[in-house]
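Following: one structure in structure tokens, then a few remarks.
Numbering starts at 1 and runs along the sequence shown.
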Amino acid sequence: MSGTTVGRSVDMFEAKARVTGTVGYALNAEVPGMVFAKLLRSTVPHARIRSVDVSAAEKMPGVIAVLTAADLDQPGGPAGHHGPVIRDQPVLCRDKVRFVGDPVAAVAAETEEAAAAALDMIEVDYEELPFVTTVDEALAEGAERVHDAPPPPRERSYSDINLVGREGNVCTKFQLRTGDIEAGFAAADLIMENVYESPAVQHVPMEPHVVIASFKDGRLHVISSTQAPFAVRDSLSEMFGLPASDVRVTVPPLGGGYGAKTYAKFEPVTAALAWKAKRPVKLVLTREEEFISITKHAARIHLRTGVTKDGRLVAREVKAYFNGGAYADISPRLIKNGGYSCVGPYAIPHVRVDSYAVYTNLPPAGAYRGYGVSQAAWAYEQQMDELADALGLDPVEFRRRNLLREGERFATGEVMEEATWEELLDRSASAINWPADRRREVEGNRVRGKGLAVILKSTITPSTSHASLRLDADGSLQVLTSSVEMGQGAHTVLAQIAAGPLGIPIEAVNVTAPDTDYTPYDQTTSSSRTTRAMGGALVQAAEMIRERLLALAADLLGAAPEDLVLSEGAVALRSDPATRLTVQEVFWRTRTGSISGHGEVRTTGGLDAETGQGVASDHWHQGAAGAEVEVDLDTGKVYVKHLHVIAHAGQVVNPKLADMQMHGSALFGIGHTLYEELVYDDGVLTNPNLSDYSIPAMDDLPEVLQIEYLEDGAPGNIHGLGETVLPPVIAAIGNAVNAAVGGRVRSLPITPERVLRARKP
């Protein structure tokens with residue numbers, strides 16, 4: 001991956017449009033004849049539906065159609081359920097509702113106001129049922145079943161997901177077995193057992209979910225704010241019994257996603273409503289609806305860890321419970337990632353992990369930035385400090401003795417080909433001047449503390465990305481990709497990668513928006529995989545074009561292709577740069593209209609269902625954080641004063657955009673640690689808006705925020721940066737608070753009340 005474009009700080013292509021509000025979000029999209037959708041949602045957490053009467057709503061002025069479950073699963077009509085792994089997600093509820101907010105009916109009307117008025121006229125008769133909202137309630141003997149029987153799996157689910165342990169309210173289970181756990185604990189001089197909890201939180205992208213669906217000549221076209229256009233296409237193809245070629249999904253730029261917009265969410269109900277209305281339909285969720293649609297998984301993680309007196313980890317037993325809410329979404333994959341991540345970046349010879357996704361009567365939980373690792377790292381990095389203190393060891397030195405190194409095997413059995421955790425840890429420790437003043441008193445009744453954390457994170461494995469490039473006669477380069485631009489700068493970075501091998505300026509590159517009719521397949525824009533996977537595919541495509549272009553120019557210049565170089569939109573002799581032809585001249589003189597190239601990056605892997613052994617990740621994201629906090633001992637308020645984050649980047653393609661990703665992760669980490677929590681009372685969300693749900697503000701930023709990368713100089717060795725430092729920020733702040741007040745808060749967020757309760761006199 002050569003060329004002057006890679007490694008430069010280039011402004012995001014659409015930066016000005018985003019700032020000025022002129023970017024073409026799905027929120028702003030319109031199609032001729034479009035009508036507007038509203039959803040009627042359940043007001044109770046669990047109930048049987050006795051009846052749904054829409055007769056009055058259908059007669060309301062401006063109403064075009066009212067959709068209920070009775071319209072679904074009929075001959076020639078759409079199916080009534082969908083789901084990326086398990087078909088448990090109803091398009092609209094038929095027999096039961098399973099959480100407050102579960103959609104029961106949908107209205108299409110000429111205006112949003114008319115659709116909302118029609119919702120008020122729909123009468124639903126509920127027979128309320130007992131409900132479960134916590135893992136303990138769901139797993140208790142005799143607990144009410146969220147689903148009467150295990151829902152059927154999707155026939156075309158993902159090969160890396162195994163469905164086991166599906167009993168009662170257990171959606172599914174992941175397990176990992178390494179070594180002999182009992183022998184490991186027998187060899188331990190100290191065994192520590194703790195429980196750590198993380199709450200459900202909301203993604204809060206600035207743009208809500210938006211879908212426009214329309215049928216024409218038997219084809220379905222969906223414009224959606226999705227991170228996974230091909231996953232949506234495939235779900236809709238299955239739901240409507242259409243060939244994939246008859247379903248088109250186009251994706252404008254997104255106003256943020258963070259995992260909330262992966263897989264099919266509201267495309268099925270919008271498409272079904274358009275099918276009944278015989279008109280294009282647009283659905284836009286309100287902010288309150290966002291809060292009751294998808295969340296991060298609440299988690300409770302039990303860690304039992306054995307260590308020798310000289311500070312060697314010998315055994316770890318994990319029982320992790322992830323609250324999946326009413327429907328599976330992608331929980332079966334998340335509990336796998338979150339489960340093995342509980343081992344941490346440590347060489348532990350004896351490991352036993354049981355990780356569960358549990359159905360409850362709460363909104364579904366799905367993919368979220370950090371993907372199970374935030375919950376895991378909060379647990380294991382807190383316990384690492386607790387173990388170090390119990391052994392009388394410095395927490396950094398304790399970690400050093402146990403960190404994985406190159407050539408060593410992770411708990412899944414795979415060999416670590418890159419292992420930079422020790423250097424990452426040391427750099428964070430140095431940045432916050434560890435171990436000096438790990439705890440110190442400051443003015444008034446305030447005290448400061450320092451903490452550190454180091455993590456590993458996998459990326460989706462196996463996965464596939466295809467890319468196509470077309471170099472045109474005017475020297476412009478068209479990049480055909482289904483990677484979604486959602487504010488992270490993906491299209492800018494991909495343009496840099498594509499331009500490099502061809503020696504053309506980035507200003508000559510155009511990156512297309514995802515369109516499943518025209519752009520090549522990409523599995524998803526998530527898991528911090530786009531720059532590495534799609535970028536790798538683009539390099540292959542660019543090399544194909546480069547080879548053909550040099551061959552054409554070689555004939556014109558009377559030289560061998562290997563004697564030529566591409567630079568600044570021209571082909572020149574390596575020995576005599578003044579002897580050159582522009583790309584346009586090469587095309588004109590050889591009567592070549594365009595040159596196309598194609599590339600593919602396909603990773604392989606998977607874990608055994610019984611042992612968890614195999615290949616969990618094509619490569620491992622590696623990060624660390626160091627934090628210094630100040631705690632007001634009178635109020636319990638925590639102030640983050642200094643935060644250092646570092647990630648193993650391999651090669652940074654665009655430093656400016658990389659910094660933005662790292663800053664975003666750091667801010668997310670502060671929010672999750674100190675403020676964010678969805679609070680439920682009898683299954684009802686009590687803080688479903690940005691007035692009552694706290695996210696970080698400018699005043700919550702650290703006085704000092706340092707961003708650092710560990711680069712290895714190897715071209716093309718790109719590691720994802722979009723999520724890597726979020727998990728260690730949470731754990732590092734937690735460890736810093738403990739150092740300051742001398743007491744451990746094991747449940748997030750670290751509120752002032754919890755700090756005061758944990759404080760030791």
Side-chain angles (χ1 to χ4, degrees), residues 85 135 139 158-168 170-188 190-196 299-308 312-322 324 331-358 371-373 375-377 379-380 383-384 387 402-405 407-417 419 455-458 460-462 604-618 620:
V85 182
V135 165
L139 298 181
Y158 300 97
S159 60
D160 63 313
I161 299 174
N162 300 297
L163 298 177
V164 298
R166 306 184 67 207
E167 300 177 356
V170 174
C171 171
T172 188
K173 175 191 177 187
F174 166 76
Q175 60 187 44
L176 185 152
R177 306 289 186 263
T178 301
D180 183 335
I181 194 68
E182 297 305 326
F185 281 119
L190 170 67
I191 297 173
M192 181 175 288
E193 188 167 359
N194 304 109
V195 178
Y196 304 89
R300 190 179 72 224
I301 297 176
H302 300 242
L303 288 186
R304 182 171 177 246
T305 303
V307 62
T308 60
R312 300 288 178 178
L313 296 170
V314 290
R316 174 163 290 168
E317 183 176 29
V318 179
K319 290 186 178 179
Y321 300 92
F322 291 87
S331 289
R333 177 182 279 152
L334 183 136
I335 63 163
K336 171 174 67 74
N337 292 35
Y340 58 64
S341 295
C342 286
V343 181
Y346 301 111
I348 308 177
H350 307 286
V351 173
R352 179 186 180 98
V353 175
D354 292 292
S355 182
Y356 300 87
V358 181
Y371 208 66
V373 182
Q375 298 93 318
Y380 69 73
Q383 196 183 62
M384 287 296 287
L387 284 164
N402 293 284
L403 286 169
L404 286 162
R405 289 168 174 80
E408 293 186 331
R409 292 187 181 274
F410 183 54
T412 57
E414 56 205 280
V415 175
M416 288 295 175
E417 297 180 357
I455 66 98
L456 88 171
K457 182 190 175 296
S458 61
I460 293 178
T461 304
T604 59
L607 301 177
D608 181 80
E610 294 296 321
T611 66
Q613 298 298 294
V615 176
S617 188
D618 167 61
W620 292 89

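- The distance from the NE2 atom of H350 to the CD atom of E317 is 13.5 Å, given to the nearest 0.5 Å.
- Side chains of R333 and I460 form a contact here, defined as non-hydrogen atoms less than 4.5 Å apart.
- In terms of the side-chain contact (heavy atoms from CB on, under 4.5 Å) criterion, residue partners of A379 (sequence neighbours excluded) are, by chain and number, Y196, I301, L303.
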Starting from the C-alpha separation in whole Å, work towards a yes-or-no answer on side chain to side chain contact (heavy atoms under 4.5 Å, CB included) for M384 and T305. CA-CA 9 Å; M384 287 296 287; T305 303; over 6 Å; no

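- The distance between the ring centers of Y321 and H302 falls below 6.0 angstrom.
- Of the possible donor and acceptor atoms, none in the side chain of R312 sits under 3.5 Å from a partner among the backbone N and O of I348.
- Shown here for P332 and I161, the closest heavy-atom pair between the two residues is CB-CG2, 3.5 Å.
- For the residue pair V314 and P349, the shortest heavy atom distance occurs at O-CG, 3.5 Å.
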Step by step, would you call F174 with L607 a side chain to side chain contact (heavy atoms under 4.5 Å, CB included)? CA-CA 10 Å; F174 166 76; L607 301 177; 3.9 Å; yes

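- Side-chain atoms of R405 and M416, non-hydrogen and from C-beta on, never get closer than 4.5 Å to each other.
- Atom CG in L176 sits 10.0 Å away from atom OH in Y340 (nearest 0.5 Å).
- Residues meeting the side-chain contact (heavy atoms from CB on, under 4.5 Å) test with R409, sequence neighbours left out: V415.
- Here the shortest heavy-atom pairing between A376 and G338 reads CB-O, 3.7 Å.
- Between the OH atom in Y356 and the NZ atom in K319 there is a gap of 6.5 Å [rounded to 0.5 Å].
- Applying the 6.0 Å contact sphere to CD of E610 captures no more than 12 heavy atoms from other residues, nucleotides or ligands.
- The list of salt bridge (charged side-chain N to carboxylate O under 4.0 Å, His left out) pairs with a residue in residues 336-348, not counting sequence neighbours, reads D160-K336.
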What's the verdict on side chain to side chain contact (heavy atoms under 4.5 Å, CB included) for I455 and Y380, showing C-alpha distance, side-chain angles and the deciding distance? CA-CA 9 Å; I455 66 98; Y380 69 73; 3.4 Å; yes

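- Nearest heavy-atom pair, D354 versus R352, reported as atom, atom and distance to 0.1 Å: OD2-NE, 3.5 Å.
- Among all heavy-atom pairs drawn from F185 and G306, the shortest one is CE2-N, 3.5 Å.
- Note that OG1 of T308 and CG of L190 are 9.5 Å apart. Values are rounded to the nearest 0.5 Å.
- Shortest non-hydrogen contact noted between G165 and V170 is O-CG1, 3.1 Å.
- A distance of 9.0 Å separates CD of E193 from CD of Q383, quoted to the nearest 0.5 Å.
- If you run side chain to side chain donor-acceptor pair (under 3.5 Å) between Q613 and each of T178, T412, D608, only T178 comes through.
- Taken to the nearest 0.5 Å, the OH atom of Y346 stands 5.5 Å off from the CG atom of L403.
- No side-chain heavy atom of N402 sits less than 4.5 Å from a side-chain heavy atom of V307.
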Before you tell me yes or no, could you show the steps for Y371 and L334 under side chain to side chain contact (heavy atoms under 4.5 Å, CB included), namely the whole-Å CA-CA distance, both residues' side-chain angles and the distance that decides it to 0.1 Å? CA-CA 6 Å; Y371 208 66; L334 183 136; 3.9 Å; yes

